[in-house]
There are 2 protein chains.
Amino acid sequence: MTKESFNTYSYLLDRTNRRIKQFAQKKFKEESFDITVDQWLVLKSLNQENDQNQSELAEQIGKDNPTLTRIIDLLCKKELVERRQLPSDRRCFTIHLTDKGKQKMEEWAPKVAEIRMKAWENLTEKDYEDLKRILNTIYQSLEI
Amino acid sequence: MTKESFNTYSYLLDRTNRRIKQFAQKKFKEESFDITVDQWLVLKSLNQENDQNQSELAEQIGKDNPTLTRIIDLLCKKELVERRQLPSDRRCFTIHLTDKGKQKMEEWAPKVAEIRMKAWENLTEKDYEDLKRILNTIYQSLEI
DNA sequence: TAACAATAATTAGTACAACAAATATATAAG
DNA sequence: CTTATATATTTGTTGTACTAATTATTGTTA
């Protein structure tokens with residue numbers, strides 16, 4: 001195959017990625033979930049393991065530290081999480097999912113799972129496995 | 001398969017998409033291409049068909065109009081493109097790839113093709129076809 | 001212990017994304 | 001012709017991404 005014929009994957013990936021976010025965001029709005037899709041990722045990670053510090057959390061959700069700082073700022077304002085000083089290392093904060101945050105998660109999680117499923121209604125389990133494998137292979141090939 | 005097992009694709013897609021951009025942007029920097037990846041998309045589209053108006057161009061590269069307006073602003077500053085008033089419809093500009101822009105494209109295009117190929121070095125042609133099919137299916141399933 | 005390096009988080013600056021609203025112009029309907 | 005509607009683009013706002021620089025703290029080593 002020629003090089004030129006490979007030239008559209010980044011476009012397809014980018015626009016599909018954007019549409020997935022748009023779709024989820026639109027549903028969030030319809031359901032009056034007052035968060036963005038990226039904020040959701042943070043809450044979900046904390047719901048699985050609470051009180052991570054920011055670096056761990058950034059690693060978990062694959063965002064960099066400055067971006068995470070701002071997402072945490074926004075979630076703090078909404079009182080869904082709070083920063084807690086770690087006495088043993090005063091450089092760190094642990095991010096704590098509050099009771100309000102936990103309550104919202106219980107309310108939102110099943111609906112988010114529904115929303116996420118929509119993308120797969122015309123695809124098979126094998127497609128899902130293939131997509132994961134292909135994306136991970138690309139990710140590793142472009143190690144930076 | 002349970003709903004829960006489908007819950008990571010958006011994360012994988014997002015991080016792979018980000019890495020593809022990061023990788024290309026890093027190479028652009030190394031080669032002293034003084035543009036961003038998104039600006040490249042615009043130039044590439046104009047190189048294939050010059051003098052599109054902004055709406056056509058936005059459609060071509062899958063971005064919305066406000067985003068494109070700002071990308072065009074930046075490309076104008078670099079004198080790679082220029083806005084030309086269309087006398088027949090004074091609402092429109094056609095975006096013209098300048099001589100300087102064309103010259104840069106000749107210089108850059110082969111190297112960008114190389115950079116783009118890197119993602120596929122551990123994958124097959126069938127993987128490429130599968131990825132395209134899966135992404136397009138998702139895109140269409142989430143019609144908004 | 002003092003100097004140096006490493007780590008956690010933040011801040012600042014620029015770019016892009018999404019959305020809503022505004023402006024200007026063109027076209028259609030009455 | 002006038003009103004209404006549609007189209008092309010821009011502007012404003014909020015949120016995310018990346019880089020580099022900064023602050024505060026901790027760890028290492030001479």
Side-chain angles (χ1 to χ4, degrees), chain A residues 10-11 14-30 34-42 52-59 61-78 81 83-95 144, chain B residues 10-11 14-30 34-42 51-78 83-95 142 144:
Chain A
S10 60
Y11 162 73
D14 196 48
R15 77 170 195 170
T16 304
N17 190 45
R18 229 174 310 129
R19 175 152 293 184
I20 288 170
K21 278 199 184 178
Q22 279 170 359
F23 180 80
Q25 195 65 59
K26 181 167 156 260
K27 295 293 179 189
F28 279 21
K29 195 174 178 185
E30 284 171 15
D34 179 28
I35 50 169
T36 68
V37 174
D38 294 285
Q39 290 163 22
W40 164 257
L41 279 181
V42 174
Q52 299 176 63
N53 71 30
Q54 290 190 203
S55 298
E56 288 163 355
L57 205 44
E59 173 68 23
I61 66 168
K63 308 226 178 251
D64 59 16
N65 268 333
T67 298
L68 188 62
T69 291
R70 270 133 193 165
I71 294 177
I72 299 292
D73 287 345
L74 295 168
L75 290 174
C76 282
K77 270 189 204 158
K78 295 174 189 175
V81 308
R83 284 190 175 88
R84 292 185 170 177
Q85 270 284 358
L86 196 63
S88 61
D89 186 341
R90 288 186 302 173
R91 291 170 303 185
C92 293
F93 295 102
T94 57
I95 308 303
I144 46 181
Chain B
S10 61
Y11 161 73
D14 196 46
R15 77 168 194 173
T16 304
N17 191 46
R18 232 176 309 129
R19 176 153 291 183
I20 288 169
K21 275 197 186 179
Q22 281 170 357
F23 180 81
Q25 196 62 62
K26 181 169 158 258
K27 295 292 178 191
F28 280 21
K29 194 173 178 185
E30 283 170 16
D34 179 29
I35 50 168
T36 67
V37 174
D38 294 286
Q39 289 164 21
W40 164 257
L41 280 180
V42 174
D51 301 296
Q52 298 176 65
N53 71 29
Q54 292 189 199
S55 297
E56 289 164 354
L57 205 42
E59 174 68 23
Q60 273 297 316
I61 66 169
K63 306 216 181 265
D64 60 13
N65 270 333
T67 298
L68 188 65
T69 291
R70 275 136 188 164
I71 294 176
I72 299 291
D73 287 345
L74 295 167
L75 289 173
C76 282
K77 271 190 204 158
K78 295 175 188 174
R83 283 190 174 86
R84 292 187 171 175
Q85 270 284 0
L86 196 63
S88 60
D89 185 340
R90 287 186 302 173
R91 294 170 302 182
C92 293
F93 295 100
T94 57
I95 307 302
L142 302 182
I144 47 181

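In what follows, every chain begins at residue 1, and chains take the letters A, B, ... in the order their sequences are listed. Below, each value reflects all heavy atoms present in this structure, side chains not excepted, and no hydrogens, waters or symmetry copies.
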Between CZ of A:R91 and P of C:dA5 the distance, given in whole Å, is 16 Å
Can you tell me how far CZ of B:F28 sits from CG of B:D34, rounded to the nearest 0.5 angstrom?
-> 11.5 Å
Under a criterion of less than 4.0 angstrom to any heavy atom of chain B, what are the 5'-terminal and 3'-terminal contacting nucleotides of DNA chain D?
-> D:dA6 to D:dA20
Taking the side chain as every heavy atom from C-beta outward, state whether B:L41 and B:K63 have any pair of such atoms under 4.5 Å apart.
-> yes
For residues 54-61 of chain B, which side-chain N or O atoms pair as donor and acceptor with protein atoms under 3.5 Å away, sequence neighbours left out?
unit_1 : atom_1 : unit_2 : atom_2 : d
B:Q54  : OE1    : B:R83  : NE     : 3.0
B:Q54  : NE2    : B:T69  : OG1    : 3.4
B:E56  : OE1    : B:N53  : N      : 3.1

Sidechain-backbone polar pair: A:Q52 side chain, A:T94 backbone, donor-acceptor under 3.5 Å | no
Could you tell me whether B:R83 contacts a base, only the sugar-phosphate backbone, or nothing, with contacts defined as non-hydrogen atoms closer than 4.0 Å?
-> sugar-phosphate
Evaluate the side-chain proximity of B:D38 to B:V42: yes if any heavy-atom separation is below 4.5 Å, no if none is.
-> no
Determine, for nucleotides 15-23 of chain C in 5'-to-3' order, which nucleotides have protein heavy atoms under 4.0 Å from the base (write B), from only the sugar-phosphate (write S), or from neither (write -).
-> SSBBBB---
How many angstroms lie between atom CD of B:E30 and atom NZ of B:K27, to the nearest 0.5 angstrom?
-> 4.5 Å
Atom CG of A:L68 and atom P of C:dT10 are separated, to the nearest Å, by 8 Å
Of A:P87 and B:F93, the one whose nearest nucleotide on DNA chain D sits closer to the 5' end is B:F93
Test side-chain contact (heavy atoms from CB on, under 4.5 Å) applied to A:L75 and A:I95, A:V81, A:T36, the passing residue = A:V81
Please state how far atom CG in A:L86 lies from atom P in C:dA8, giving the value in whole angstrom units.
-> 11 Å
Decide yes or no for B:F93 and B:Q85: does some side-chain heavy atom of the first lie under 4.5 Å from some side-chain heavy atom of the second?
-> yes
